[in-house]
Amino acid sequence: MMKQRKWLMNSLGAIAIVLLGIYSKSPVYPSDRITGMKQDTLPFLRPELVMPEVSRMAFVDSFCYITDPQHTLASFFACLDSLYAGKNTVIQVVHLGDSHIQAGHYSGRVMRLLHQQFGNAGRGWIAPFKLSRSNEPDDYFISSVIRDWTAGRCIQSQPKCPFGLGGIGIQSASPSINFDICIAPTNGAGYAFNQAVLYRDPRSMPMLPVGISKDPVKTFPAPETVVLGVVADTFRIAHLTDSLQLQSTRRKQGTDTLLPPATFSNLYYGFSLTNGNPGILYHSIGVNGAMFVNYTDESYVRQLAVLKPTLLIISLGTNETFGRRFTAGEFTGQIDAFIALVKKYMPETTLLLTTPPECYKRTYVNKKRVFVRNENTERAAKAIAAYATENGIACWDLFTATGGKNSNVKWHAAKLMGADRIHFNKDGYYEQGTLLYRALIKTYNLQSIKEEPLTPGLRVAAHDETDN
């Protein structure tokens, strides 16, 4: 028996060395072919982990790990171990990006899969996109009777009003403001909440609960700013609910005195919804048209740090590739400027860069509008991967995972892309979210094997003994 166990340990260790050699190498960018599906050969330390199939994309290379030669994800994976072992903790994840993220399908798929495996701590960040006259994820609604909102976005060279953690802000001159928050009954199933945190400008009118649900709601106004320009009011509810109605008040705190409307700026940024359970709290933050330079603002990064993410996933790069003078060198400099701010204000946060998927751009041939391959997407993907390797940052190569060069033709043929051949439809984003989740879990298991080439379940048991 002892010989058999020793042989098993040595065998798993050998497998780990081989696989580590595979996933630590520089990304491969397929040129004339699409790599086919390969069978999973990695022995899981945790056989219960959910590994959904990539159902419709037979040409996708799903045998794709996260490049992390310095094991920077180890601290995040250690937190997953705690949840896996049943610890009462919440892990904050922020997924920052552009329109691919604002839609909520790609990041939402990753969020739900992580929740299924490691626990659902709540819906996390939600922003008033529809009130800012933009598209909103389909699993929640933020509505108001007020229509005269001014919207500020991080992509504006001169924002019409300040923006907050979510990259947007909405402002109104109305003397009375309301918000109705509602979790969508079907798409938002499972995201009932018992706490909502409102992020707003300190000069904005505070909110109070109203409606039939106001009695079990306790309001905790922010005693001070959480960061310059932002306060966070907390609403705690006695039971789980899928809705919350809020109404502004001009009453001076602790008195019956009404302050004049001109006293307030009425600038609001968004909410964070939680349910009090241990698990993953996944904040999806995306703004249509966003690029690295749009988030490279010291005050913005300081605000983002308020969420205290254990893991920050950065999915940017598509919009930069449509610039007429795109160069990999300038793009790399833009990445570096943003990462420098992140490291300054979130030094304990683990970073994961992702590359953009291939897309096409429109041009004219013989006065006829046609789609041509956007060659800059591949250049951007290579630049991101190279920067990550040179700076010891984990990187997931979505460009290669989705098929690499000319893959967009097949995604479009499979009816997984939008008409503009830049964005994907809901099913297409679900496929990409599944790929990212699979890459996270495979890398999680692979690093576990390298650290402890033991029999299934032993690592979790070791954490139980150590942490108790």
Side-chain angles (χ1 to χ4, degrees), residues 83 88-94 104 108 111-112 114-116 118-131 136-146 164-166 170 176-202 204-226 230-251 253-254 266 268-285 306-308:
L83 288 176
N88 186 14
T89 187
V90 173
I91 301 175
Q92 309 254 15
V93 176
V94 171
M111 176 180 71
R112 281 193 174 272
L114 287 172
H115 284 170
Q116 289 173 17
F118 297 101
N120 171 8
R123 176 57 178 81
W125 179 262
I126 61 172
F129 283 116
K130 284 190 177 178
L131 297 180
E136 198 167 80
D138 63 6
D139 59 347
Y140 70 85
F141 306 99
I142 301 178
S143 58
S144 176
V145 297
I146 305 302
L165 290 71
I170 58 171
S176 179
I177 292 173
N178 78 299
F179 290 119
D180 289 347
I181 305 167
C182 182
I183 296 296
T186 301
N187 295 327
Y191 290 117
F193 56 95
N194 58 17
Q195 178 170 288
V197 178
L198 166 63
Y199 293 87
R200 60 179 177 87
D201 183 88
S204 299
M205 285 190 285
M207 294 280 175
L208 293 174
V210 293
I212 59 174
S213 61
K214 70 175 182 178
D215 291 337
V217 182
K218 291 185 178 180
T219 304
F220 298 88
E224 57 186 17
T225 59
V226 292
V230 180
V231 295
D233 301 323
T234 302
F235 304 91
R236 291 177 186 161
I237 310 162
H239 54 77
L240 289 173
T241 182
D242 59 4
S243 64
L244 177 65
Q245 294 179 296
L246 300 175
Q247 179 67 48
S248 63
T249 176
R250 290 190 286 118
R251 184 174 286 111
Q253 190 171 345
N266 299 335
Y268 304 91
Y269 303 128
F271 299 83
S272 178
L273 307 181
T274 56
N275 57 27
N277 294 326
I280 304 286
L281 190 60
Y282 200 104
H283 304 287
S284 180
I285 296 176
V306 168
L307 296 175
K308 298 180 180 178

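Source: prediction; values computed, not measured. Starting from 1, each residue takes its place in the sequence as its number.
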Original post:
Does one side chain, of Q247 or S176, offer a donor that lies under 3.5 Å from an acceptor on the other?
Top reply: yes
**OP:** Nearest 0.5 Å please: distance from the CH2 atom of W125 over to the CG atom of L307.
**Re:** 7.0 Å
Original post:
So, the side chain of Y268 versus the backbone of M205: is there a donor-acceptor pair under 3.5 Å, distance only?
Top reply: yes
**OP:** Report yes if some heavy atom in the side chain of P206 is under 4.5 Å from a heavy atom in the side chain of R251; otherwise report no.
**Re:** no
**OP:** Tell me, please, whether F193 has R123 positioned over its six-membered ring: NZ or CZ under 6.0 Å from the ring centre and within 45 degrees of its axis?
**Re:** no
Original post:
Where do I142 and P128 come nearest, in terms of heavy atoms and distance?
Top reply: CD1-N, 3.8 Å
Subject >> side chain to side chain contact (heavy atoms under 4.5 Å, CB included) assessment of T234 paired with Q195 >> reply: CA-CA 7 Å; T234 302; Q195 178 170 288; 3.7 Å; yes
Subject >> Heavy-atom side-chain proximity of D139 to I183 below 4.5 angstrom >> reply: no
Original post:
If we only count heavy atoms from C-beta on, is the L273 to Y140 side-chain gap below 4.5 Å?
Top reply: no
Subject >> Donor-acceptor pair, side chain of N194 and main chain of N275, under 3.5 angstrom >> reply: yes
Original post:
Is there a donor-acceptor contact under 3.5 Å from the side chain of D233 to the main chain of A222?
Top reply: yes
Original post:
Sub-3.5 Å donor-acceptor pair from the side chain of Q92 to the main-chain atoms of K308, do we have one?
Top reply: no
Original post:
When you measure from the side chain of D138 to the backbone N and O of N187, does any donor-acceptor pair fall under 3.5 Å?
Top reply: no
Original post:
What distance do S248 atom OG and N178 atom CG have between them, rounded to the nearest 0.5 Å?
Top reply: 8.0 Å
Original post:
Roughly how far, to the nearest 0.5 Å, is CG of D201 from OH of Y269?
Top reply: 4.5 Å
**OP:** Take the angle between the ring planes of F271 and F179 and call it parallel below 30°, perpendicular above 60°, tilted in between.
**Re:** perpendicular
Original post:
Hey, does the side chain of D242 reach the backbone of P185 with a donor-acceptor pair shorter than 3.5 angstrom?
Top reply: no
Original post:
Which pair of heavy atoms, one from H283 and one from S272, lies closest together, and at what distance?
Top reply: CE1-OG, 3.5 Å
Subject >> Inter-residue atom distance I170.CD1 - N266.CG, 0.5 Å rounding >> reply: 10.0 Å
Original post:
Do you know which two heavy atoms are closest between N277 and V90, and how far apart they sit?
Top reply: O-CG2, 3.6 Å
**OP:** To the nearest 0.5 Å, tell me how far T219 OG1 sits from L198 CG.
**Re:** 10.5 Å
Subject >> NZ on K218 to CZ on F235, rounded to 0.5 Å >> reply: 15.0 Å
Subject >> Minimal non-hydrogen separation, I177 against M207, with atom names >> reply: CG2-CE, 3.7 Å
**OP:** Mark yes or no for whether T274, through its side chain, and G276, through its backbone, hold a donor-acceptor pair below 3.5 Å.
**Re:** no
